[in-house]
Amino acid sequence: MTGHAEWRDPVAVRRLAGEIARLDPGRPVKLMHVCGTHENAICRHGLRDLLPPWVRLVAGPGCPVCVCPAAEIDLAIRAAKAGAIVTTFGDVARVPARTTLMEARAAGADARVVYSVADAALFAAANPGREVVFFAVGFETTACTTAAVLRSGAPRNFSIIASHRYVPPALDALLATPDIGLDGFLLPGHATSVTGLHAYAPLAARHGVPMVVGGFEPVDVMVALRDLLARVGDGRGEAANAYRRAVRDDGNPAAMSAIFDVFELRDAAWRGIGTIPGSGLGLAPAHASRDATARLGLAPDPAIPDAEPGCRCGDVLLGRVEPEDCPLFGSACEPDNPVGPCMVAIEGTCQARYRHRGHA
Amino acid sequence: MCLAVPMKLVEVTGAAGRADLGGVRRAVALDLVPGASVGDYVLVHAGFAIQVMDEAAAAETIAMLREVAQDPDAPPGPPGDGGPG
């Protein structure tokens with residue numbers, strides 16, 4: 001299961017590239033993936049260079065840190081300034097709103113990086129006199145872990161800022177946006193291992209656009225792209241599974257039931273994109289008492305801009321432009337001195353391209 | 001953020017487990033994989049197992065890959081880059 005050289009076999013990868021080349025439909029094809037881990041795998045292994053010139057593979061809004069609105073990051077910063085201990089994942093703490101959580105910490109606020117929401121709950125148990133807030137960012141892969149902790153009865157002084165996002169409605173919205181023009185989706189392997197392929201089958205059928213879920217080793221990506229391009233060529237608008245060792249049709253029912261016990265779908269803003277109906281996971285009424293913003297009396301500040309002047313993260317997230325098309329990329333905006341969220345996050349498209357540029 | 005790694009479950013005590021990856025062991029919460037047992041491979045994300053891997057499906061995929069890699073009639077891929085990675 002792990003460490004099999006087959007998943008990285010260069011001969012298999014080249015053969016798969018040959019199979020893909022033979023699927024030429026005689027027109028340009030634009031595919032999108034929506035996963036930062038896919039972008040990193042594609043860049044690290046130079047897979048774009050193995051694709052024929054008629055295939056364009058763009059990176060969509062697959063980085064939950066990147067799509068978290070600045071106003072929600074600002075809520076976390078204000079929670080820390082109000083005296084709470086704010087815990088979150090490392091990437092999130094570095095993304096700028098008016099400032100970043102790490103900068104707020106340098107100024108005296110109590111913000112801490114955790115590996116898991118379970119660590120944040122333990123932290124609350126160890127600090128019963130303080131409010132411990134988990135800034136809950138991430139797609140369904142992460143939302144199920146937050147839900148598991150809330151459902152299992154976390155300490156009373158533990159609350160969350162609910163910023164999780166749900167992927168399927170975002171793909172629906174992308175397909176309904178006329179100027180993006182997608183021929184197919186490479187579905188995110190780990191998010192889909194939670195939702196199951198059945199979350200996507202109706203979307204693929206309704207839009208007549210094929211979707212194939214793929215894993216993250218080079219062979220996984222190439223098999224998924226081959227299966228996707230075969231469906232593009234045949235005009236088969238269906239969802240298919242090229243990552244069967246991790247993805248089942250019904251996903252992980254226990255994880256899905258945890259998510260929808262604790263959360264409910266709400267309209268939610270995606271940084272750089274706008275509001276997508278039903279794409280956010282807000283706390284359901286039975287768990288509303290865990291809402292940190294209510295406990296601390298915080299409301300979002302709509303005046304906080306999502307983008308600095310010149311930053312094109314929004315267009316990058318929609319696959320409208322490549323990171324290299326942004327005038328700030330690699331000059332004013334670098335991983336050590338990022339301007340936009342796509343350069344801050346490890347899963348951000350701009351950071352992946354920057355770290356691997358000149359490699360492929 | 002959605003990075004998850006397959007690890008082998010080596011201990012299960014209720015909803016708490018320990019999993020191994022290449023000799024490195026760490027605690028893994030099993031709340032979301034109620035059927036998992038010792039010896040299973042689980043997909044671990046942010047301290048939680050979020051799925052039990054399907055070993056039969058993995059074996060089938062590997063067999064398919066061996067066929068792809070060894071098929072002498074298959075056309076070669078694009079030449080000359082020395083392969084990925």
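Proteins come first, then strands; the chains are lettered A, B, ... in the order of their sequence lines, and each starts at number 1.
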Near Arg25(B) CZ, under 6.0 Å, is it more than 12 heavy atoms from other residues, nucleotides or ligands?
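No.
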Leu122(A), CG atom: more than 12 neighbouring heavy atoms under 6.0 Å
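It does: Leu122(A) CG has more than 12 such atoms within range.
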Quick one: CG on Asp31(B) to OG1 on Thr145(A), what's the gap to the nearest 0.5 Å?
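With rounding to 0.5 Å, CG (Asp31(B)) is 10.0 Å from OG1 (Thr145(A)).
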To the closest 0.5 Å, what do you measure between CD1 (Ile259(A)) and CG (Leu32(B))?
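One gets 8.5 Å once the value is rounded to the nearest 0.5 Å.
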Do [X] and [Y] make a side-chain contact, defined as non-hydrogen atoms from C-beta onward lying under 4.5 Å apart?
X         : Y         : answer
Glu55(B)  : Arg245(A) : no
His190(A) : His45(B)  : no
Ile62(B)  : Trp7(A)   : yes
Val223(A) : Met64(B)  : yes
Asp54(B)  : Arg248(A) : yes

Determine the minimum heavy-atom distance between [X] and [Y], stating which atoms define it.
X         : Y         : result
Ala46(B)  : Ser116(A) : O-OG, 2.9 Å
Ala246(A) : Gln51(B)  : O-CG, 3.3 Å
Ile50(B)  : Asn252(A) : O-ND2, 2.6 Å

So which of Cys63(A), Ser193(A), Ala254(A), Ala255(A) has the largest heavy-atom pair count under 4.5 angstrom toward chain B?
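Top count of heavy-atom pairs under 4.5 Å with chain B: Ser193(A).
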Please identify, among Ala258(A), Cys144(A), Ser152(A), Ala242(A), the residue contributing the most non-hydrogen atom pairs under 4.5 Å to chain B.
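It is Cys144(A).
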Of Val149(A), Thr142(A), Thr146(A), which is the lone residue that meets side chain to side chain contact (heavy atoms under 4.5 Å, CB included) with Phe48(B)?
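Answer to the side chain to side chain contact (heavy atoms under 4.5 Å, CB included) test with Phe48(B) among Val149(A), Thr142(A), Thr146(A): Val149(A).
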